[in-house]
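Notes for the one structure printed next.
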Amino acid sequence: MIELLGVSVAYDGAPRPAVRDVSLAIPAGEFVALVGPSGSGKTSLLKTINRLIAPTSGVIRIEDRDAAEFPTHELRRRIGYVFQGVGLFPHMSVRENIAITPSLLGWPREQIVARVDAVFDLIALPRDYLDRAPAALSGGERQRVAVARALAAEPRIVIMDEPFGALDPVTRDALGQAYRALHERMGLTTVMVTHDTQEAALLADRIVVLRDGAVVADDTPRAMLSGAHPEATGLFDTPRRQAAAIADLAR
Ligand SMILES: Nc1ncnc2c1ncn2[C@@H]1O[C@H](COP(=O)(O)OP(=O)(O)OP(=O)(O)O)[C@@H](O)[C@H]1O
Ligand SMILES: [Mg+2]
């Protein structure tokens with residue numbers, strides 16, 4: 001369970017807040033897609049959830065506890081984060097990158113090795129990639145490693161910032177489906193930022209639309225696509241039109 005109560009973020013010197021009075025309750029097990037234009041506050045909002053930034057006002061509760069009270073290592077353990085633009089450590093191998101959080105948490109070595117193996121299997125890359133440096137991977141391969149890294153410490157909550165952006169459509173779809181299956185199997189709570197409203201509609205249980213730092217619509221993919229939210233209709237016109245055009249071509 002993630003609860004945001006009246007959360008605002010105002011960066012020093014910025015003319016207006018990046019996040020404005022956002023309240024959301026995300027029950028355990030839910031998969032939420034966070035969409036909205038560039039600069040609408042998506043990344044800022046995600047960062048408040050694992051306290052990479054402290055909100056200027058408002059409260060964030062994780063599993064019924066104020067996030068401000070969690071020690072950093074506890075938050076890291078519970079919340080896996082896939083950063084926008086990947087953010088792998090360049091001087092570490094793929095293996096070391098995936099192992100970083102369990103290592104920092106002091107897991108026993110055998111347990112780390114087993115866990116790295118298990119999460120690496122999920123992303124379907126050849127095993128010899130484990131010993132490569134991130135620079136020796138393609139952008140999409142790095143994104144897959146970032147997903148594995150976020151899952152390594154067995155988090156209950158996963159927050160992902162454009163995790164599949166650099167992938168070709170086929171890999172993107174496959175990894176999205178694989179992640180969704182994992183979300184079910186492990187009973188995760190997931191918040192995923194995406195610019196792709198079709199991906200949001202196909203993967204998420206619920207879509208939250210941000211504009212200028214505020215929530216302007218919050219509903220199921222079905223409701224969004226049916227036009228129930230005039231503020232969000234523009235965002236869903238494209239996938240609806242494309243789906244109709246493809247269905248027509250495939251007839
Ligand atoms: N560290 C910072 N200092 C000052 N302003 C910031 C900082 N980080 C972000 N902003 C501003 O806050 C607003 C929201 O930024 P944020 O990164 O949350 O947007 P976003 O929705 O993730 O955009 P994108 O889709 O481009 O990633 C923007 O106007 C941005 O310029
Ligand atoms: Mg962003």
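- Between R211 and E231 no salt bridge is recorded (no basic side-chain N to carboxylate O distance below 4.0 Å).
- Using modelled atom types, no side-chain atom of E184 and backbone atom of A181 make a donor-acceptor pair closer than 3.5 Å.
- Using modelled atom types, no side-chain atom of R149 and backbone atom of G80 make a donor-acceptor pair closer than 3.5 Å.
- One N or O on the side chain of E141 and one on the backbone of S138 form a donor-acceptor pair closer than 3.5 Å.
- When all heavy atoms of S8 and D21 are compared, the closest pair comes out as OG-N, 2.8 Å.
- Of the possible polar contacts, one joining the R115 side chain to the A152 backbone as a donor-acceptor pair under 3.5 Å is found.
- Every residue meeting the side-chain contact (heavy atoms from CB on, under 4.5 Å) condition with T72, not counting sequence neighbours, appears here in chain and number order: R76.
- At least one donor-acceptor pair under 3.5 Å links the side chain of R77 to the backbone N or O of E154.
- Below 30°, between 30° and 60°, or above 60°: for F83 and Y81 the angle between ring planes is below 30°, a parallel geometry.
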Ignoring hydrogens and angles, write down the donor-acceptor pairs under 3.5 Å from the side chains of residues 27-40, residues two or more places apart or on other chains.
residue: E30; atom: OE1; partner: R206; partner atom: NH1; Å: 2.8
residue: S40; atom: OG; partner: P37; partner atom: O; Å: 2.6

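- Looking at Y11 and T56, their side chains never bring a donor and an acceptor atom within 3.5 Å of each other.
- D219 places no side-chain N or O within 3.5 Å of a backbone atom of M224 that could act as its donor or acceptor partner.
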What side-chain donor-acceptor pairs closer than 3.5 Å can you find for residues 156-171, not counting sequence neighbours?
residue: D161; atom: OD2; partner: T43; partner atom: OG1; Å: 2.6
residue: E162; atom: OE2; partner: H195; partner atom: NE2; Å: 3.0
residue: D168; atom: OD1; partner: V170; partner atom: N; Å: 3.0
residue: D168; atom: OD1; partner: T171; partner atom: N; Å: 3.0
residue: D168; atom: OD1; partner: T171; partner atom: OG1; Å: 3.2
residue: D168; atom: OD2; partner: T171; partner atom: OG1; Å: 2.4

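- Inter-residue side-chain proximity for F120 and V94 is flagged as met; some heavy-atom pair is nearer than 4.5 Å.
- The closest donor-acceptor contact from the side chain of N97 to the backbone of F89 lies under 3.5 Å.
- The same ILVMFWY cluster, assembled from side-chain heavy atoms under 4.5 Å apart, contains both L175 and M186.
- Test D117, D131, D128 against R95 for salt bridge (charged side-chain N to carboxylate O under 4.0 Å, His left out) and you get one pass: D131.
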